[in-house]
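Below you'll find the structure, written out as structure tokens, and then a few comments.
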Amino acid sequence: MDYYSLKMRASQQVGEGEQRHEQHISGAERIVARENVEAVCSAMVRRAMTHSKGDPDFINVKIEKVHESDIRILKALPVTRVDVETWQEGLEKAFELIGEAVGSAAGGAGTDAIREFANKLPELLRKTFPMRGAMLYDIATGKRLEPDQARGVRATYMDALRGNVVDSCKNHFNEAIVLATKVANAPGIVAEICISDDPEYVTGYVASKELGYVRIMKMKEAGDENGGRIFLFDSRKASAEECIDYLQKKKVLVDVDGRMA
Ligand code: PML
């Protein structure tokens with residue numbers, strides 16, 4: 001069967017004079033069967049044209065053929081949910097889980113080393129707020145590995161294996177479980193932490209092959225437009241090039257098996 005990758009991004013010019021620049025409004029991507037290309041494409045354009053951030057000045061839709069033999073099918077990570085009273089409690093829980101994942105990846109590194117790493121996490125996360133992509137952080141050396149640190153690394157070419165569903169609204173969870181599953185299966189990836197940059201969306205997650213996808217129901221204050229992602233990577237297990245190549249080029253369909261909202 002023939003598949004096609006569709007990617008949409010929409011932006012708007014904001015600011016005056018020298019301050020004038022392009023601001024991202026909306027983006028989406030799918031991998032669909034040939035017969036769904038037109039419908040999915042128009043749903044993407046509708047999504048761009050009806051976004052709450054305003055009217056786009058620029059919409060780019062890229063459509064590429066994908067050979068079935070180049071697609072890897074992955075089983076979605078199992079999902080668990082952590083309810084918390086406050087976003088501070090949620091963040092603490094997320095940092096604790098990430099600390100454990102990093103500790104066990106580092107062969108049960110001492111508690112001091114894990115505590116030292118966990119202390120760095122809030123600052124690392126803050127550094128991701130202005131980035132479009134994720135930070136790729138090497139737990140073996142403490143170095144950042146994104147070729148462009150202002151942009152970060154973006155996981156792309158992925159979708160859920162869900163037949164011919166056409167949707168024009170963003171569903172944070174549905175998109176995140178697909179991305180987190182692709183990322184968790186990347187060479188050398190130990191874990192991921194994510195906070196949405198949507199000011200109205202306070203749920204975030206931590207994920208890894210061992211932890212699964214752990215939804216933490218509050219990870220920031222409502223109204224806060226800061227969000228970001230860190231991919232925690234171990235350079236003793238794979239090379240950064242191999243990992244980035246997989247994240248940015250390998251086509252993945254995720255078997256969500258009834259997990260989607
Ligand atoms: C994003 O907005 O891109 C991040 C979405 C996080 C989804 C968390 C969840 O609902 O499980």
Side-chain angles (χ1 to χ4, degrees), residues 7-11 23-30 44 47-48 50-53 74-84 86-95 97-98 101 121 124-136 151-160 162 167-184 186 189 191-209 211-232 247-248 252 254 256-261:
K7 293 181 181 180
M8 178 279 289
R9 66 191 162 84
S11 61
Q23 178 178 273
H24 174 79
I25 298 184
S26 157
E29 73 164 281
R30 299 286 309 270
M44 281 182 168
R47 175 161 160 175
T50 54
H51 203 277
S52 58
K53 283 189 181 161
L74 295 173
K75 213 165 171 36
L77 295 172
V79 179
T80 51
R81 171 186 166 127
V82 176
D83 288 295
V84 285
T86 62
W87 62 267
Q88 291 93 336
E89 193 191 327
L91 262 189
E92 213 169 288
K93 182 72 194 164
F95 292 151
L97 288 169
I98 289 287
L121 264 173
L124 291 175
L125 201 51
R126 262 193 298 279
K127 287 190 174 144
T128 66
F129 292 165
M131 293 162 61
R132 287 284 320 281
M135 179 185 289
L136 185 66
R151 179 178 180 271
V153 172
R154 289 177 69 78
T156 182
Y157 289 115
M158 65 214 156
D159 197 357
R162 55 183 157 152
D167 43 15
S168 58
C169 296
K170 181 173 172 84
N171 181 303
H172 291 269
F173 169 71
N174 289 353
E175 291 179 15
I177 180 78
V178 168
L179 185 147
T181 300
K182 179 172 184 188
V183 172
I189 288 290
E192 177 192 353
I193 178 168
C194 167
I195 299 182
S196 177
D197 60 5
D198 178 340
E200 301 315 321
Y201 202 81
V202 298
T203 300
Y205 68 87
V206 298
S208 75
K209 271 200 197 157
L211 290 169
Y213 180 96
V214 186
R215 301 187 77 193
I216 301 182
M217 301 315 286
K218 271 185 218 147
M219 268 174 77
K220 69 173 188 180
E221 207 168 13
D224 182 353
E225 57 191 23
N226 290 314
R229 280 193 161 87
I230 307 176
F231 300 154
L232 294 146
L247 292 170
Q248 296 186 339
V252 164
V254 177
V256 287
D257 190 24
R259 281 189 184 87
M260 284 195 154

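Atoms within each ligand, like the ligands themselves, are counted from 1 in listed order.
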Test of understanding: with side-chain contact (heavy atoms from CB on, under 4.5 Å), list the residues that count as partners of Q23, not counting sequence neighbours.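 Partners of Q23 under the side-chain contact (heavy atoms from CB on, under 4.5 Å) test: Q12, V14.
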Going by the order shown, which atoms of ligand 1 are within less than 4.0 Å of some heavy atom of [X]?
| X | result |
| --- | --- |
| C194 | 4 (C) |
| F173 | 10 (O), 11 (O) |
| R215 | 9 (C), 10 (O), 11 (O) |

For ligand 1, is there an atom lying under 4.0 Å from some heavy atom of D198?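 Outside the 4.0 Å threshold, so no.
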Which protein heavy atom lies closest to atom 2 (O) of ligand 1, and at what distance to 0.1 Å?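 Residue, atom and distance for the closest contact: S196 OG, 2.7 Å.
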Closest protein heavy atom to atom 8 (C) of ligand 1, given as residue, atom name and distance to 0.1 Å: Y213 OH, 3.4 Å
Are there over 12 heavy-atom neighbours, none belonging to R9, within less than 6.0 Å of that residue's CZ?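 Count not over threshold, so no.
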Atom CD of Q88 with >12 non-hydrogen neighbours under 6.0 angstrom: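 More than 12 heavy atoms, drawn from other residues, nucleotides or ligands, come within 6.0 Å of this atom.
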Applying side chain to side chain donor-acceptor pair (under 3.5 Å), can you list everything that pairs with K127, at least two apart in sequence or on another chain? none
Using distance alone, determine whether Y201 and ligand 1 share an N or O pair under 3.5 Å.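 Yes, there is a polar N/O contact under 3.5 Å.
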Would you call E29-K182 a salt bridge at under 4.0 Å N-O? no
Please state whether the rings of F173 and Y213 are parallel, tilted or perpendicular, taking 30° and 60° as the class boundaries.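 F173 vs Y213 ring planes: perpendicular.
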